[in-house]
Amino acid sequence: IAYIHHDMDDAVRGGLLTEEDVPGDIVEIAGRTSVERLNCFIHDIVTNSMGKGDIVMSAEVGGGAMSRLRAFMFERVYENREAKREERKAEQLIETLYGYYLKHKQELPRELLAMQDRGEPIERLVCDHISSMSDRFAISKYEEIYIPKSWSL
């Protein structure tokens, strides 16, 4: 739910999708807006998981709307040529941050640095740090480190 929700938000912000692009059969079950769909999916999980000892969704929402939304995202976003062209830029951003934090490990959170003292390799800790970043935070961090302040005005 979280991945699809965030990926859809990113796709809308990136101009790959609009809320109106979501197929009608998904809209009928889960809602037209991101907030409505998120609300539907979460409430469905809570309602259908109570007393079961497992996390489950109803067939209509999980097997229906959620599965179709996932397929829609693959078709329109994950396998989209335009989005794929941007993928290399994202890879370079992550590789650049990785190199930066290897050289500037003192900028890692204290909790991660403490793990190095217990034998965790710095490479793993840098990966953990970067993987915990949202897309927006990673871009912001990259800009903070590499883009001259006067250029970001």
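All values below were derived from every heavy atom in this structure, side-chain atoms included, with hydrogens, water molecules and symmetry-related copies excluded.
Atom CG of Leu93 sits about 9.0 Å away from atom CD of Glu143, to the nearest 0.5 Å. Here the NZ atom belonging to Lys141 is positioned 4.0 Å from the CD atom belonging to Glu144, to the nearest 0.5 angstrom. Once rounded to the nearest 0.5 Å, the distance linking CZ of Phe72 with CG of Asp21 reads 5.5 Å.
For the pair Asp10/Val77, no side-chain contact is recorded, criterion being any heavy-atom separation below 4.5 Å from C-beta on. Put simply, the side chain of Met50 does not reach to within 4.5 Å of the side chain of Lys52, judged on heavy atoms. Residues Leu112 and Glu120 have side chains not in contact (no heavy-atom distance under 4.5 Å, counting atoms from C-beta outward). Side-chain contact check for Val22 versus Met8: some heavy-atom pair is nearer than 4.5 Å.
With sequence neighbours excluded, no residue forms a salt bridge (charged side-chain N to carboxylate O under 4.0 Å, His left out) with Lys103. Scanning for side chain to side chain contact (heavy atoms under 4.5 Å, CB included) contacts around Glu87 gives Lys84, Glu91, with sequence neighbours left out. In this view, Glu19 and Arg37 satisfy the salt bridge (charged side-chain N to carboxylate O under 4.0 Å, His left out) rule, not counting sequence neighbours. For the ring pair (Phe, Tyr, Trp, His ring centres under 6.0 Å) test, no residue two or more places apart in sequence or in another chain qualifies with Phe137. Residues meeting the side chain to side chain contact (heavy atoms under 4.5 Å, CB included) test with Tyr98, sequence neighbours left out: Leu102, Glu123, Val126, Cys127, Ile130. Judged as a side chain to side chain contact (heavy atoms under 4.5 Å, CB included), and not counting sequence neighbours, the contacts of Gln116 are Lys105, Leu113, Ile122, Leu125. Residues that satisfy the side chain to side chain contact (heavy atoms under 4.5 Å, CB included) test with Thr33, not counting sequence neighbours, are Val35, Glu36.
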Donor-acceptor list for residues 38-46 side chains, cut-off 3.5 Å, not counting sequence neighbours:
residue: Asn39; atom: OD1; partner: His43; partner atom: ND1; Å: 2.7
residue: His43; atom: ND1; partner: Asn39; partner atom: O; Å: 2.8
residue: Asp44; atom: OD1; partner: Asn48; partner atom: ND2; Å: 3.1
residue: Asp44; atom: OD1; partner: Ser58; partner atom: OG; Å: 2.8
residue: Asp44; atom: OD2; partner: Asn48; partner atom: ND2; Å: 3.4
residue: Asp44; atom: OD2; partner: Ser58; partner atom: N; Å: 2.7
residue: Asp44; atom: OD2; partner: Ser58; partner atom: OG; Å: 3.3

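Among residue pairs with one or both ends in residues 3-24, none qualify as ring-ring contact (aromatic ring centres under 6.0 Å, His included); sequence neighbours excluded. Residue pairs meeting the ring-ring contact (aromatic ring centres under 6.0 Å, His included) criterion with at least one member in residues 14-40: none, sequence neighbours excluded. Screening residues 64-74 for side-chain hydrogen bond (donor to acceptor under 3.5 Å, both in side chains) gives Asp25-Arg68 as the qualifying pairs, with residues at least two apart or on separate chains. Residue pairs satisfying the side-chain hydrogen bond (donor to acceptor under 3.5 Å, both in side chains) criterion with at least one member in residues 127-136, sequence neighbours excluded, are listed as follows: Arg124-Asp128.
The environment of Arg110 atom CZ is sparse: at most 12 non-hydrogen atoms of other residues, nucleotides or ligands sit within 6.0 angstrom.
For the residue pair Ala138 and Leu97, the shortest heavy atom distance occurs at O-CD1, 3.8 Å.
Ring-plane geometry between Tyr146 and Tyr142 is classed as tilted, the angle between the planes lying from 30 to 60 degrees on a 0 to 90 degree scale.
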